[in-house]
Amino acid sequence: TQVCYAGTFAVTVERIRYHAMALWERLRDSLERGDNIQEGHYAERCWAGLLARPLKRQSMLMLNEYAVMTTSEMAVARDNSDNELEIKAKEKNDNDDSENSSDEMSV
């Protein structure tokens, strides 16, 4: 899993070398020309795009499918997900209740 905690991350040399040296030089040059908070901010936001491993095809397809959903389709998907969670919670409670009642009978 690729993550970044408090601005700290690790990257392989392979991912750095994936991009041409000219890119890194241009990035360095843009950050060295002065103390500009916005440029630094946007450079930080670029790290994930530059250094993360590319998404697998299946992940890209899933994201594209979700991205083109209409608002109503998203609401239906969210409601279905909520309903599934409620059903699972009810089943768990029912199982817990049946275990507790069998425990009470055996006492």
Side-chain angles (χ1 to χ4, degrees):
T1 305
Q2 300 178 78
V3 295
C4 176
Y5 295 109
T8 303
F9 60 91
V11 64
T12 63
V13 172
E14 172 192 14
R15 293 306 310 154
I16 294 170
R17 290 183 178 158
Y18 178 80
H19 299 285
M21 181 60 86
L23 171 87
W24 300 113
E25 290 169 349
R26 285 193 313 268
L27 182 59
R28 180 200 61 215
D29 293 345
S30 73
L31 295 172
E32 284 182 342
R33 68 178 174 202
D35 189 15
N36 186 315
I37 292 172
Q38 276 190 311
E39 285 182 356
H41 173 80
Y42 288 108
E44 287 178 4
R45 298 303 181 262
C46 290
W47 295 139
L50 290 171
L51 301 173
R53 289 184 306 274
L55 290 174
K56 293 182 177 164
R57 179 169 167 69
Q58 182 61 32
S59 298
M60 288 175 45
L61 292 172
M62 288 171 47
L63 286 171
N64 284 335
E65 182 179 322
Y66 186 76
V68 297
M69 291 176 84
T70 64
T71 304
S72 59
E73 289 172 327
M74 283 189 245
V76 168
R78 185 178 54 248
D79 290 345
N80 289 341
S81 177
D82 290 346
N83 289 340
E84 288 176 25
L85 292 174
E86 289 174 14
I87 291 169
K88 288 179 183 177
K90 185 177 180 337
E91 289 173 352
K92 183 182 181 324
N93 287 338
D94 290 346
N95 288 339
D96 290 347
D97 289 344
S98 67
E99 288 175 10
N100 289 339
S101 65
S102 65
D103 289 343
E104 292 171 2
M105 289 181 182
S106 63
V107 172

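Numbers here simply count residues along the sequence, with the first being 1.
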Show me, pair by pair, the donor-acceptor contacts under 3.5 angstrom made by side chains of residues 39-49, not counting sequence neighbours?
| unit_1 | atom_1 | unit_2 | atom_2 | d |
| --- | --- | --- | --- | --- |
| Glu39 | OE2 | Arg33 | NE | 3.2 |
| Glu39 | OE2 | Arg33 | NH2 | 2.2 |

Do any side-chain atoms of residues 7-21 form donor-acceptor pairs under 3.5 angstrom with protein atoms, and if so which ones, sequence neighbours left out?
| unit_1 | atom_1 | unit_2 | atom_2 | d |
| --- | --- | --- | --- | --- |
| Thr12 | OG1 | Arg15 | N | 3.3 |
| Arg15 | NE | Leu51 | O | 3.4 |
| Arg15 | NE | Ala52 | O | 3.4 |
| Arg15 | NH2 | Ala52 | O | 3.1 |
| His19 | NE2 | Leu50 | O | 2.8 |

*What residues form a side chain to side chain contact (heavy atoms under 4.5 Å, CB included) with Gln58, not counting sequence neighbours?*
Leu61, Met62
*Taking it one step at a time, do Leu63 and Met60 satisfy side chain to side chain contact (heavy atoms under 4.5 Å, CB included)?*
CA-CA 5 Å; Leu63 286 171; Met60 288 175 45; 5.7 Å; no
*Quick one: pull up CZ in Arg28 and CG in Leu23 and give me the separation to the nearest 0.5 Å.*
11.5 Å
